[in-house]
Amino acid sequence: MDKIEVVHKIKEIGVVAVIRGNNPEDAVAMSEACIKGGVTAIELAFTTPRAHEAIRELANKYADNPDVVIGAGTVLDAVTARIAILEGAQFVVSPALDVETIKLCNRYRVAVMPGTTTLKDVVTALECGADVVKIFPGEVVGMKAIKAIHGPLPQAPLMPTGGVNVDNAGEWIQLGCVAVGAGGALTGGGKTAAEITETAKKFIAAVKAVRA
Ligand SMILES: O=C(O)C(=O)C[C@H](O)[C@H](O)COP(=O)(O)O
């Protein structure tokens with residue numbers, strides 16, 4: 001899938017699941033539970049030991065499914081981005097802005113979503129060719145900042161991550177964010193697979209409700 005379609009799909013879904021597992025098997029199981037609930041944009045964080053194995057498994061499994069996009073998260077440097085891309089990651093997300101990571105992703109035409117906290121970082125991310133600009137930590141930067149950033153930069157496709165939950169996901173979207181990233185609220189707290197699926201459905205419903 002070309003990266004234009006990947007970015008389009010992420011925006012259409014509106015919620016990116018940040019998956020942190022104790023091992024690849026755990027990460028795959030959480031991802032499958034999210035996909036079952038409709039959150040079909042999956043960001044496998046590199047904090048998971050052998051995260052690349054989970055990326056490989058899911059990227060292979062869903063290679064022919066245009067509704068599912070598999071990406072990598074917590075990508076701190078270009079080396080990690082390259083590993084993720086070789087395993088089949090269709091998008092790369094970073095918690096902080098790293099220009100070399102953005103360059104590498106653009107070299108291989110893979111969607112890249114660097115994390116930013118300041119307006120200056122948002123501008124740098126756009127100038128370097130970010131496809132979506134992650135706002136991290138969303139709960140610290142805050143909703144007021146989204147409006148403020150969109151004043152001078154209405155073209156910035158923003159995706160807050162960190163502290164996003166079912167209750168506030170719709171508000172972020174209403175503020176003009178193209179998508180939200182959700183970790184703990186979606187998969188944390190020792191949820192069973194069934195509970196993750198139910199939560200994923202609620203996230204999707206929250207986003208749909210404000211877009212309708
Ligand atoms: O790993 C990265 O690249 C991140 O920066 C993602 C953060 O871990 C998420 O923001 C999770 O946050 P919660 O949804 O509050 O759990």
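As the structure lists them, so they are numbered: ligands from 1, and atoms in each ligand from 1. Remember, predicted model here, so these are calculated numbers, not experimental data.
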Asks: Please report whether ligand 1 has a polar contact with Ala182, defined as an N or O pair separated by less than 3.5 Å (distance criterion only).
Replies: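 So ligand 1 has no N or O lying under 3.5 Å from an N or O of Ala182.
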Asks: Under 4.0 Å from a heavy atom of Gly184: which atoms of ligand 1 are those, numbered in the order shown and with their elements?
Replies: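 Listed by number with element: 13 (P), 14 (O), 16 (O).
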Asks: Flag the pair Lys61 / Val28 as yes when at least one side-chain heavy-atom distance between them is below 4.5 Å, and no otherwise.
Replies: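 Side-chain contact under 4.5 Å: no.
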Asks: With heavy-atom distances below 4.5 Å as the criterion, would you say the side chains of Phe46 and Leu76 are in contact?
Replies: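 A side-chain contact under 4.5 Å is absent here.
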Asks: What are the two closest non-hydrogen atoms of Val164 and Ala182, and how far apart are they?
Replies: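 Minimum heavy-atom separation between Val164 and Ala182: O-CB, 4.3 Å.
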Asks: Return the residue, atom name and 0.1 Å-rounded distance of the protein heavy atom closest to atom 9 (C) of ligand 1.
Replies: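 Checked against all protein heavy atoms, atom 9 (C) of ligand 1 sits closest to Thr161 CG2, 3.4 Å.
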Asks: I want to know if ligand 1 touches Val18 in the polar sense, i.e. an N/O pair below 3.5 angstrom.
Replies: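 Such a contact does not occur with ligand 1.
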Asks: Identify, by atom number and element, the atoms of ligand 1 in contact range of Pro95, meaning under 4.0 Å from any of its heavy atoms.
Replies: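 Selected atoms, number and element: 3 (O), 5 (O).
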Asks: Assess whether atom NZ of Lys191 is packed by more than 12 heavy atoms of other residues, nucleotides or ligands within 6.0 Å.
Replies: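 Atom NZ in Lys191 is crowded, with more than 12 foreign heavy atoms closer than 6.0 Å.
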Asks: Taking the non-hydrogen atoms of Gly163, is any one of them nearer than 4.0 angstrom to ligand 1?
Replies: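 Distance cut 4.0 Å: Gly163 passes for ligand 1.
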Asks: Does only the side chain of Arg20 get under 4.0 Å from ligand 1, or the backbone, or both, or neither? Count heavy atoms.
Replies: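 The side chain, only.
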Asks: Need the ligand 1 atom indices (1-based, order shown) with element for anything under 4.0 Å from a heavy-atom of Gly183.
Replies: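 Listed by number with element: 13 (P), 14 (O), 16 (O).
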Asks: Distance-only check: which donor-acceptor pairs under 3.5 Å involve side-chain atoms of residues 169-176, not counting sequence neighbours?
Replies:
none

Asks: Where is the nearest protein heavy atom to atom 4 (C) of ligand 1: which residue, which atom, and how far?
Replies: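 Ranking protein heavy atoms by distance from atom 4 (C) of ligand 1, first comes Lys134 NZ, 2.9 Å.
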Asks: Name all pairs fulfilling the side chain to side chain donor-acceptor pair (under 3.5 Å) condition that reach into residues 120-136, sequence neighbours left out, sorted by first residue then second.
Replies: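 Counting only pairs at least two positions apart or across chains, the side chain to side chain donor-acceptor pair (under 3.5 Å) contacts touching residues 120-136 are Lys3-Asp131.
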Asks: If you measure from atom 1 (O) of ligand 1 to every heavy atom of Val16, Leu44, Leu76, Thr74, which option wins on shortest distance?
Replies: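 It is Thr74 whose heavy atom sits nearest to atom 1 (O) of ligand 1.
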Asks: Salt bridge check, Glu53 against Arg56: does any charged N sit closer than 4.0 Å to a carboxylate O?
Replies: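 Salt bridge flag = no for Glu53 with Arg56.
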Asks: Measure across Gly21 and Thr48 and return the closest heavy-atom pair with its distance rounded to 0.1 Å.
Replies: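 Result for this residue pair: N-OG1, 2.8 Å.
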Asks: Starting from atom 12 (O) of ligand 1, which protein heavy atom do you reach first, and at what distance in Å?
Replies: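 The closest one turns out to be Gly162 CA, 3.6 Å.
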